[in-house]
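First comes the structure, then the notes that go with it.
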Amino acid sequence: MLDINLIRHNLLETKRKLSSRAKGLAPLLDEVYALDSKKRNLQTEIEKWRALRNKQSKAIGLKKLQGEKVEEEFGALKEIGSTIEEKEKELANLEIQLNSLLLSLPNLPHESVPCGGTEANQVVRTWGEPPQPNFPLKTHWELGKALGILDLERSAKLSGSGFSLFLGKGAKLQRALIDFMLEMHTQNHGYKEVWPPYLVREACMMGTGHLPKFANDMYSINNDGLYLIPTGEVPLTNLHREEILSESSLPLRYVAYTPCFRLEAGSAGKDTRGILRLHQFDKVELVQITKPEDSYGALEEMVQHAEKVLQALNLCYRVVLLASEDMGFGAAKCYDIEVWAAGIQSWLEISSVSNLENFQARRMNLRYKSSSGKNILCHTLNGSGTALPRLVAAILENNQKEDGRVLIPEKIRAYFGEEYL
RNA sequence: GGACAGGUGGCUGAGCGGAUGAAGGCGCUCGACUCGAAAUCGAGAAUGGGGACAAAACCCCAUCGCGGGUUCGAAUCCCGCCCUGUCCGCCA
């Protein structure tokens with residue numbers, strides 16, 4: 001959520017920044033501005049009436065205590081009461097309009113973010129070399145099927161398209177990769193391991209910004225109003241919703257393995273082969289909660305934490321700084337990490353690391369008490385460290401041998417136990 | 001899922017229709033005493049918002065789990081919901 005004070009005092013600047021994300025957003029800010037001033041006028045008026053009522057009610061109480069008659073004063077006060085009630089309804093209405101508008105606006109891009117669409121994305125660095133063996137390369141779904149570790153026919157039988165089913169060594173590989181990544185982030189990068197719920201309340205989804213705008217992308221439980229998490233970011237970031245943290249506890253670093261559930265309503269027909277786009281997939285997620293002045297340092301750090309995973313697995317990747325129009329809803333700045341998949345000859349987005357600044361913190365009222373005694377909104381960051389299906393796809397396709405076997409990266413053999421799939 | 005008991009400031013805990021934004025205690029901050037500390041004494045200290053202002057002081061409003069209702073007036077009475085605890089049931 002944007003800071004209403006920013007819109008009040010720097011309307012033009014805010015409009016300019018927001019416009020770089022998508023066309024048509026600037027007029028909404030005019031609307032916010034108008035609603036807000038209307039709201040404040042009405043609020044001031046109501047408060048004057050309330051002050052009057054409080055004063056007179058108190059006077060009645062005093063009189064009554066002294067045994068004086070007070071009944072004749074009730075009429076006038078009752079009238080004030082109904083005036084207030086009427087205006088309060090009007091105010092509540094304004095507030096709902098204003099709030100739903102504010103909740104639907106994306107975050108402002110950081111000044112270092114390039115303006116434009118995907119064509120303006122910048123490759124920041126590339127690591128490793130795409131493998132170029134001298135035999136025809138198979139895709140991960142061909143390899144998975146041939147090795148008997150990935151059965152997409154049967155996952156469709158169970159759940160329809162957009163699900164995966166790993167068997168035997170394929171299943172074990174999932175477990176090994178999860179374990180490997182959790183160990184790395186907890187032991188080397190200072191994250192605290194968390195095993196959170198995968199169903200959360202509506203308030204959590206509001207807090208991270210997945211609601212109200214993206215209800216159509218999520219699975220919900222109509223029995224009790226809970227939502228299946230689309231990413232581990234949701235439970236991790238919401239851990240401290242509505243809290244005032246102590247300054248010394250920051251930064252907080254959390255890592256969790258979770259499954260992720262996405263309806264993918266808007267992506268019908270995209271990435272239909274293999275396991276590149278699923279309704280349910282697994283991910284190791286990193287989250288940091290920091291002081292405002294520390295968040296951009298933390299962002300660079302987190303990208304490197306995710307990179308370490310790919311480096312350890314010896315997978316070629318590149319880091320991309322996303323342009324303003326390509327970033328997610330709440331991000332002020334975002335890096336994607338794309339891993340090379342040799343079989344399908346493509347870069348796969350395997351991690352997305354974002355600084356949300358105080359966008360989520362404002363929604364979830366997440367603050368810390370500074371040494372001066374002030375309560376200050378925290379900054380929140382999240383990033384995948386990393387997503388599993390695309391990691392598996394990359395390992396399969398990049399490490400395949402001519403005879404169809406797949407070499408297990410050395411660093412996870414301790415977790416996996418064998419040299420080949 | 002059922003029954004009962006609860007939800008009040010950083011914590012504990014009183015208040016159960018009016019002068020209470022909230023007693024007492026603990027903790028915290030500042031000051032006095034002290035060579036220093038402890039003890040003692042004094043003072044201060046919630047959050048959000050609006051107004052005014054260069055800014056602060058200041059004025060006002062809201063907030064006692066959340067949302068409604070009754071009332072001139074609600075932490076207090078009524079209704080609904082959420083959460084916590086205990087017991088019972090069910091269950092991995």
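Chain A is the first sequence line, chain B the second, and so forth, proteins listed ahead of strands; every chain is numbered from 1. As the structure is a computational prediction, the values presented were derived from the model and not from experiment.
Taking the P atoms as reference points, B/rG6 lies 13 Å from B/rC78, given to the whole Å. Of the C1' atoms belonging to B/rG21 and B/rU63, the separation is 9 Å, rounded to the nearest Å. Separating the P atom of B/rG9 from that of B/rG65 is a span of 8 Å, rounded to the nearest Å. For the P atom pair drawn from B/rC81 and B/rC4, the interatomic distance equals 14 Å after rounding to whole Å. Straight-line distance between the C1' atoms of B/rA14 and B/rA22: roughly 10 Å, to the nearest whole Å. Between B/rA74 and B/rG18, the distance separating the two C1' atoms is 10 Å to the nearest Å. To the nearest whole angstrom, the two C1' atoms, one in B/rU29 and one in B/rA46, are 15 Å apart. Nucleotides B/rU8 and B/rG13 are separated by 9 Å at their C1' atoms, to the nearest Å.
Among the heavy atoms of the strands lying under 4.0 Å from A/Arg8 are primed sugar atoms or P, OP1, OP2 only; no base atom is included.
Positionally, the nearest nucleotide of RNA chain B for A/Lys64 lies more toward the 5' end than for the other of A/Gly75 and A/Lys64. Nearer the 5' end of RNA chain B, as judged by each residue's closest nucleotide, is the contact made by A/Asn5, out of A/Asn5 and A/Phe74.
If you measure from atom CG of A/Leu62 to atom C1' of B/rU20, you get 14 Å, rounded to the nearest angstrom. One can place NZ of A/Lys87 at 19 Å from C1' of B/rA62, the figure rounded to the nearest angstrom. Distance, A/Ile80 CD1 to B/rC72 P: 13 Å, rounded to whole Å. For the pair A/Glu95 CD and B/rA62 P, the computed distance is 14 Å after rounding to whole Å. Taking atom CE of A/Met1 as the reference point, atom C1' of B/rG48 lies 13 Å away to the nearest angstrom. Counting to the nearest Å, the P atom of B/rG69 and the CD1 atom of A/Ile84 are 14 Å from each other. Atoms NZ (A/Lys39) and P (B/rG49) sit 9 Å apart, rounded to a whole Å. Residue A/Lys63 contributes atom NZ, which lies 17 Å from atom P of B/rG73 at whole-angstrom precision.
Looking at A/Ile149, A/Ile408, A/Val406 one by one, the single match for side-chain contact (heavy atoms from CB on, under 4.5 Å) with A/Leu173 turns out to be A/Ile408.
The existence of a salt bridge linking A/Arg50 and A/Glu88 is confirmed by a sub-4.0 Å separation between a basic side-chain nitrogen and an acidic carboxylate oxygen. Here A/Arg16 pairs with A/Glu13 in a salt bridge; the nearest charged N to carboxylate O distance falls below 4.0 Å.
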Base versus backbone protein contacts along nucleotides 53-61 of chain B [heavy-atom cut-off under 4.0 Å; B, S, -]: -------BB
Test log, rule ring pair (Phe, Tyr, Trp, His ring centres under 6.0 Å), inputs A/His305 and A/Tyr191: CA-CA 10 Å; A/His305 294 159; A/Tyr191 290 78; 5.4 Å; yes
Full working for ring pair (Phe, Tyr, Trp, His ring centres under 6.0 Å) between A/Phe359 and A/Phe329: CA-CA 10 Å; A/Phe359 185 82; A/Phe329 184 66; 5.5 Å; yes
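Side-chain contact, A/Tyr254 with A/Glu285: no donor N or O sits under 3.5 Å from an acceptor N or O. Between the side chains of A/Thr186 and A/Glu193, no donor-acceptor pair is found at a separation under 3.5 Å. Judged by distance alone, the side chains of A/Glu357 and A/Tyr296 do bring a donor and an acceptor atom under 3.5 Å apart.
Contact record, A/Ala256 with A/Pro196: CB-CD, 4.0 Å, taken as the closest heavy-atom pair.
Residues passing the salt bridge (Lys or Arg N to Asp or Glu O under 4.0 Å) test with A/Arg40 are A/Asp36, sequence neighbours excluded.
Contact check, A/Arg40 against B/rG49: no side-chain N or O comes under 4.0 Å of OP1 or OP2. Remark: A/Arg53 is not in phosphate contact with B/rC72, judged by side-chain N or O atoms under 4.0 Å from OP1 or OP2. Side-chain N/O atoms of A/Arg367 include none lying less than 4.0 angstrom from OP1 or OP2 on B/rU47.
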Nucleotide pairing, RNA chain B (Watson-Crick or G-U, distances under 3.5 Å), in dot-bracket with [ ] and |: ((((((((.[[[..)..(.....]]].(((((.......))))).((((((......)))))).[[[[[..)....]]]]])))))))....
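Scanning atom types as modelled, no donor and acceptor separated by under 3.5 angstrom connect the side chain of A/Lys58 and the base of B/rG18.
A/Gln311 has its side chain within reach of A/Tyr317: a pair of non-hydrogen atoms, C-beta onward, lies under 4.5 Å apart.
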